[in-house]
Structures are given as structure tokens and as C-alpha cells.
Amino acid sequence: MLIKQVKNSDIKESQVTDEAVFNNRRQILKTMGFIGAGSLLSSTSSHAFNIFGSDDESQLFKTNALKFTQPAQYASSEKLTPEQKVISHNNFYEFGTSKSDPVANAQNFKVDPWSLQIDGLVEKPITFNYEDLFNKFELEERTYRLRCVEAWSMVVPWIGFTLASIIKQAKPLSSAKYVAFETLHDPSQMPGQKSRFTGGGIDYPYVEGLRLDEAMHPLTLMSVGLYGKTLPPQNGAPIRLVVPWKYGFKSIKSVVRIRLTDKKPPTTWNQLARNEYGFYANVNPEVDHPRWSQASERRITSGGLLTRNRIPTLKFNGYEEVAPLYAGLNLNKHY
Ligand code: MTE
């Protein structure tokens, strides 16, 4: 993500994601396929790839195989983005501002114990621990397109459960209109949170928000895994939001709190640059970012990151079933 202070003339669209920066780090040397069955296994299967240029996998975060009950849904006709790209080309400013920082800096991130709190305007506030995230909900695989506001996209097989299923357990009060999300705040583990300089100017914790009806939509997912395994830290372990019809920055990672509220909650990128990143952030090829077009996107597949694989961007990222949520709303104004 790029912040407002950079002048129009400083950045061209082709530089939005810088392949040179990415390639400077030699993190991907090999992959080991592992799609598991069985519930959350105690085994140490990993999204094994070598980020340090050696064969020493002891330094890697260990992921576990996950069982899910549904086959892949939603985007199954599209080519998946290879796993090693999904887990090494990341935006997670708490671990650094370049695409390769999160994978390099997050391998010791502690996800267990974890505590996810649901509170605010609910009848029954609940706190889930790490194990609950994998045992209290029916896990399913959902293959979704992820469209970043920076005009690149991926196709990712997530594993998770609907946000609605978690919110229903807490029994929202009729006064609840919005849902506010918060990422873990722990500068001792997240170097980007140590100062505004290292963290891209963000005032941490990273926060996001949805209208309650958006949150309850069946497409809105809480993801606990991808490619058959628990999430690696760079993708938001142990639990992150995935809202496939919105720009990727809405999909907040490593969530510790979900709070129901009657007021529109502040959101991180909107606070940083109001005219560039709206609250709704619905994918919309008709509304350009002030500094680049949103009419098309680079689909990250098996080629290099500067692939010429440019495809048209679809309204709502192709998830047109959400259109009724915005009936009567001028989406050019409410971007
Ligand atoms: N969540 C937190 N806490 N911090 C971040 O920097 N980046 C967002 C989103 N969630 C971000 C975050 C952005 S800009 C995008 S595009 C997606 O995560 C990227 O998800 P991915 O790295 O799994 O592709």
C-alpha cells in the first residue's frame, strides 16, 4: 500500500508492486506439497519453503494440516495462485512495509495461546481461544479472488467459516449496526508497530470495519487456513477476515477483537488517506484510485510478479450477489 504523502509524479502504476524489491530477497527455494486430512493435527507439516536461502527448516513457522468438510467453492474454474506466491508476496505492515518483509520477519510469531474476543452490542460476549478457532466451527474451503487496491490479484483456496456464524453465537443486539475489527498490538513481536516510521505511518493496532449486513453476508469469511493448512503468520495467523468483493486492505489479519457497535468504526487506511481509501472499498473498475486506474489488474499466477497477465477488473470483484447490499447507494461517492 502506498501512502498519500507520495506525490502523483513519484509513482507509476507499474511500480505499485516492485518486483525488484521482491526478487532481492531470496526466500523461495522450494515447496513441499501437503494437503492433509484429519482435524487440526499436532504434526508439524509446514508451508515448507525456504526463506533464508538454506535448507534449515527449523526456523520456519510450523503450520498444521486442516480438515474441511466442503470442497472448494466459488472460483474453482480459475487457476489458483501458486502457494509459494500466496505466502511470500504479502502486505502485513506490522512486519514491514515491503512485500517480502512479512515472510522474513514473522516466522517466530506466537499464535498459540490466542484470544479472540467478540463483544460490544451483543447479548453474549464470547472469548475464543486458539483451539476453539479450529473446533467450534465447521471448516470449509472457499476459493476466492483477492483483489488488492494496488491492482494485483490472486486466487486463494482459504479455509474457514463464515463471520456470520461467529457473530450469531454472540447474539447481536438490535442496536448493532457495524462491526469493528482489531489486529493484535504487540510491538515486541511486530517490528512495524515499534514506530510510525517502521510501520508505514500507521497508528497501530490496525483496525477495520464492516456494516453489520456486510459482515453477515454468506461470502464473508473468517479464515484460519489456506492451501489445506493453518495460516502462516505472514497471511494473518491464526485468524483473519476475508471479504472477497472488497479491496484486500479490508481483510484484516491476526484478529483479536470483533466489536459490534452502532457507529461507523474508524479504519486504518481511511485514517491515513481519506481520499484514497474509503470505508466501503468495494472493488470497482469505474472508480480509479487517485493515482492509478482500477480498470484492470495483474493476476499473479505462476509467472513473475511483473507478469503481463493483465485482466479486466470486475465490479465487486465478480461477486455480484452482493449488489443488493448497496441498492440506492452511489458507489462512486461511497468508494
Ligand atoms: N491486516 C493487517 N493487520 N495489517 C496489514 O498491513 N494489509 C492488508 C490486509 N490485511 C494488512 C492487513 C492488505 S493491504 C492486503 S492486500 C491484504 O491483507 C493482503 O493479504 P495477503 O498478504 O494474505 O495477500
Side-chain angles (χ1 to χ4, degrees), residues 1-3 16-17 22 27 47 63 80-106 109 111 116 144-160 180-187 189-193 196 198-210 221-227 229-258 267-273 276-278 281 283 289 294 297-300 305 317:
M1 300 277 284
L2 300 160
I3 325 172
V16 168
T17 299
F22 179 81
Q27 70 266 52
H47 288 273
T63 55
L80 298 182
T81 298
E83 181 182 3
Q84 69 267 37
K85 293 237 164 99
V86 175
I87 65 176
S88 63
H89 175 268
N90 300 103
N91 275 331
F92 199 169
Y93 274 36
E94 286 86 337
F95 292 105
T97 55
S98 76
K99 299 286 177 284
S100 51
D101 284 340
V103 72
N105 296 332
F109 187 51
V111 299
L116 171 62
Y144 282 158
R145 293 176 287 276
L146 175 79
R147 169 52 159 94
C148 180
V149 74
E150 296 166 335
W152 53 263
S153 64
M154 298 188 181
V155 181
V156 183
W158 302 106
I159 299 166
F181 304 83
E182 204 174 299
T183 292
L184 179 72
H185 189 232
D186 183 356
Q189 291 202 75
M190 294 170 145
Q193 292 180 337
R196 284 205 171 197
T198 54
I202 292 174
D203 194 7
Y204 291 102
Y206 193 103
V207 288
E208 255 309 331
L210 293 173
L221 197 72
M222 292 307 295
S223 168
V224 293
L226 58 83
Y227 266 103
K229 288 154 274 186
T230 52
L231 290 174
Q234 59 271 25
N235 292 90
I239 184 161
R240 55 114 28 109
L241 180 68
V242 181
V243 195
W245 73 94
K246 292 181 180 284
Y247 291 119
F249 65 85
K250 298 295 287 184
S251 293
I252 181 173
K253 295 177 171 180
S254 305
V255 177
V256 291
R257 189 170 181 201
I258 300 176
T267 59
T268 286
W269 282 97
N270 182 252
Q271 282 178 318
L272 266 178
E276 302 191 6
Y277 309 107
V283 175
H289 185 280
Q294 293 293 24
E297 66 205 51
R298 280 182 310 108
R299 173 61 55 81
I300 298 178
L305 287 174
N317 204 18

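We count ligands from 1, going down the list as the structure has it; atoms in each ligand are counted the same way.
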Taking atom types as modelled, find out whether Lys99 and Asn91 have a side-chain donor-acceptor pair closer than 3.5 angstrom.
yes
Problem - Polar proximity ligand 1 side, Trp269 side, N/O cut 3.5 Å exclusive - result: no
Taking only non-hydrogen atoms of Cys148 and a 4.0 Å limit, the atoms of ligand 1 in range are 16 (S)
Ligand 1 atoms nearer than 4.0 angstrom to some heavy atom of Tyr93 are 5 (C), 6 (O)
| message | Quick check against the 3.5 Å criterion: does Ser223 have a side-chain atom that pairs as donor or acceptor with the backbone of Leu241? | response | no
**Report entry** Step-by-step ring pair (Phe, Tyr, Trp, His ring centres under 6.0 Å) determination, Tyr206 to Tyr93
**Finding:** CA-CA 9 Å; Tyr206 193 103; Tyr93 274 36; 8.2 Å; no
For Leu146, the atoms of ligand 1 under 4.0 Å from one of its heavy atoms are 24 (O)
Of Met190, Glu94, Arg240, Lys253, the one whose closest heavy atom lies nearest atom 4 (N) of ligand 1 is Glu94
Honestly, for Tyr206 the part within reach of ligand 1 (heavy atoms, under 4.0 Å) is side chain
Open item on the list: Against ligand 1, does Ser251 come closer than 4.0 Å with any heavy atom?
Closed with: yes
Of all heavy-atom pairs linking Ala151 and Gln294, the shortest is CB-OE1, 4.1 Å
Check whether Asn317 reaches the backbone of Val283 with its side chain - one donor and one acceptor, N or O, closer than 3.5 Å. no
- Evaluate the side-chain proximity of Asp203 to Arg196: yes if any heavy-atom separation is below 4.5 Å, no if none is. yes
Logged contact type for Asn90 with ligand 1, heavy-atom cut-off 4.0 Å, is both
Can you find a heavy atom in the side chain of Leu80 that is under 4.5 Å from one in the side chain of Tyr227? yes
Check your understanding: Taking distance alone, with no angle check, do Trp152 and ligand 1 share an N/O pair under 3.5 Å?
Key -> no
Applying ring-ring contact (aromatic ring centres under 6.0 Å, His included) to Phe92 and not counting sequence neighbours gives Phe95
Taking only non-hydrogen atoms of Thr183 and a 4.0 Å limit, the atoms of ligand 1 in range are 3 (N)
Note: Ile202, heavy atoms under 4.0 Å from ligand 1, region reported as neither
Within 4.0 Å of some non-hydrogen atom of Ile252, the atoms of ligand 1 are 1 (N), 10 (N)
